[in-house]
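To start, the structure itself, in structure tokens.
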4 protein chains.
Amino acid sequence: MGHQIQFSVDFGDCDPAGIVFYPNFYRWFDRGTHALAHSVGLNMARLRAEHGWICWPLVDTGARFISPAKPGDLLTLESQVTQWGRKTFRVTHTLRHGERLVCEGFEVRIIGAPREDDPDKLRTVELPDWMARQFGATPDPR
Amino acid sequence: MGHQIQFSVDFGDCDPAGIVFYPNFYRWFDRGTHALAHSVGLNMARLRAEHGWICWPLVDTGARFISPAKPGDLLTLESQVTQWGRKTFRVTHTLRHGERLVCEGFEVRIIGAPREDDPDKLRTVELPDWMARQFGATPDPR
Amino acid sequence: MGHQIQFSVDFGDCDPAGIVFYPNFYRWFDRGTHALAHSVGLNMARLRAEHGWICWPLVDTGARFISPAKPGDLLTLESQVTQWGRKTFRVTHTLRHGERLVCEGFEVRIIGAPREDDPDKLRTVELPDWMARQFGATPDPR
Amino acid sequence: MGHQIQFSVDFGDCDPAGIVFYPNFYRWFDRGTHALAHSVGLNMARLRAEHGWICWPLVDTGARFISPAKPGDLLTLESQVTQWGRKTFRVTHTLRHGERLVCEGFEVRIIGAPREDDPDKLRTVELPDWMARQFGATPDPR
């Protein structure tokens, strides 16, 4: 069971075909990840201040579209950390309209930190086990 | 070689991390597909009028983010049809800032048509070979 | 008293200055107008089907920004029809973060209908009094 | 004569009515202001570094919509500083499709600086005359 949020599809989220313009699904995935992090007490600003970490840049994403969503549809987004590697973790998202599956997708994210030789660039930080536990995830065996 | 378009990253395309908010990359993929179709003379409205087709709903998408893009960056997007199946085709997108690779991704699209029993729903149409040729693609052997 | 909705500011709604990118305030005004219409039982699709009306294109808009909003802020938007003329009506929007005023603005909207000589163009329809009443507004004296 | 940029309306910029979803006009106004600033050599990052200024938060905006714009329309946006006061300046935007006027609007902007007693909040900075000249504007008589 992941963290759930609900929201309605706006008229302005939809395109001339009358259905959700697909990049908005990714906008909602990002919303889901932030809501999930917030729900388990992970705060981006505090992680930045305490550890110098930038949380959580994306390296890979994907989504399959199963059925369309329209203005006014009340959607339920479920977001869950489903994989926890040494340097990347995966958030899986499922979007439903009632029982009907609308879309499912994923985000692969990292922890970044400013590089010492060039603070405008990021290096990848090894993921701490405590963060996996806080997200309710199980780190991959090493 | 695919079809190329160029555009600049807007201030408003970027998030509090100062880099492009990732759903915008998909917004640009969609722009690239429309520009590619237009460049080969494929017109959505005419395809709708002449064949009753809805061109081209998405069934699958994905993107990997290799390096960040910032406000003012002039990006080059190259879009190309790289696979042509019986009912789906794939558009591959590559986004560069000068020589630097920013992002690469894909869209899997279909041709839809209103279902006879329920015109609000779509059925998938078999892809015509002539459209593959017009896109500069080679249909998969059957 | 207008109709109220609540929502949180997304990370992706904010720009590199770390505050809401201002066009999003208008996106939320549009959301507020649709929520208000829905709350009083006005349905765009039904108005289209029953009367041939396109509800409700915009002719004028404006917004003043009083204080910034940031990712995670829970905002309350209050939307109300504050003027009802012969051919235009005004929706007034007030956005607050708790007691703090964030933004206030307006939309002037019309009812459109396809022109008989050129259905791709719209003519303006005289506003019906019953719609004013349904919105809880008082028509201007004539 | 203001600074001009050109761009096409994307499919995804349009809503189920088939025309531009109006908040996008403001997105383009912001683009026009940044393009204008860039064209006269004003750089936000440098103004921040050299003067500590945050350029240029918005305090008021507005737009009138004269005729609709559709996917594929090539638009010309003209942006110009038309008023320069002691603490605010106005950028006027005009958007055309060929000769046809689509939309006209304005942004009232300021220079902000972090307040000494609370750096998270901004105070308004008196506008320097040299910036008016650089924008091609005439400061109001005092």
Side-chain angles (χ1 to χ4, degrees), chain C residues 13 15-34 44-45 47-48 53-70 88 90-91 93 100-115 118-124, chain D residues 13 15-34 44-45 47-48 53-70 88 90-91 93 100-115 118-124:
Chain C
D13 294 326
D15 63 24
I19 60 176
V20 170
F21 181 55
Y22 88 87
N24 289 318
F25 289 116
Y26 287 99
R27 200 159 59 77
W28 296 330
F29 289 174
D30 191 74
R31 176 187 291 175
T33 296
H34 281 89
M44 285 169 63
L47 290 164
R48 181 70 190 270
W53 293 343
I54 290 156
C55 291
W56 296 270
L58 289 123
V59 293
D60 196 3
T61 57
R64 295 191 314 118
F65 309 112
I66 291 96
S67 67
K70 300 191 171 174
T88 65
R90 172 179 292 244
V91 190
H93 302 279
R100 178 169 58 87
L101 186 59
V102 169
C103 165
E104 52 190 14
F106 69 91
E107 299 172 314
V108 177
R109 292 175 175 263
I110 62 168
I111 297 177
R115 273 168 50 176
D118 182 353
D120 276 356
K121 293 193 173 152
L122 293 184
R123 61 183 176 83
T124 304
Chain D
D13 294 328
D15 63 26
I19 60 176
V20 170
F21 181 56
Y22 88 86
N24 289 317
F25 289 117
Y26 287 101
R27 201 159 58 76
W28 296 331
F29 290 173
D30 192 73
R31 177 188 290 176
T33 295
H34 281 88
M44 286 169 63
L47 289 164
R48 181 70 190 269
W53 293 342
I54 291 156
C55 292
W56 295 269
L58 289 123
V59 294
D60 196 4
T61 59
R64 294 191 317 118
F65 310 112
I66 292 97
S67 67
K70 299 190 171 174
T88 65
R90 173 179 291 241
V91 191
H93 302 279
R100 178 168 59 88
L101 186 58
V102 169
C103 164
E104 52 190 15
F106 69 89
E107 300 172 313
V108 176
R109 292 175 175 264
I110 62 166
I111 298 177
R115 273 167 49 176
D118 182 353
D120 276 355
K121 293 194 173 150
L122 294 184
R123 60 184 177 83
T124 305

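In what follows, every heavy atom counts, from backbone to side chain, and hydrogens, waters and symmetry copies are set aside. All chains are named by letter (A, B, ...) in the order of the sequence lines, taking the proteins before the strands, and each is independently numbered beginning at 1.
The distance from the OG atom of Ser67(D) to the CG atom of Leu122(C) is 11.0 Å, given to the nearest 0.5 Å. Atom CZ of residue Arg27(C) and atom CZ of residue Phe21(D) lie 7.5 Å apart, to the nearest 0.5 angstrom.
Annotation: maximal heavy-atom pairing with chain C below 4.5 Å, among Ile54(D), Ile19(D), Val59(D), occurs at Val59(D).
When atom types are taken as modelled, the side chain of Thr61(C) and the backbone of Ala63(D) share a donor-acceptor pair closer than 3.5 angstrom. Panel note: side chain Tyr26(D), backbone Asn24(C); no donor-acceptor pair is recorded below 3.5 Å.
When every heavy atom of Asp60(D) is checked against every heavy atom of Arg64(C), the shortest pair comes out as OD1-CG, 3.4 Å.
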Between Tyr22(D) and Asp30(C), does a side chain to side chain contact (heavy atoms under 4.5 Å, CB included) hold up when you go through it step by step?
-> CA-CA 9 Å; Tyr22(D) 88 86; Asp30(C) 191 74; 4.1 Å; yes
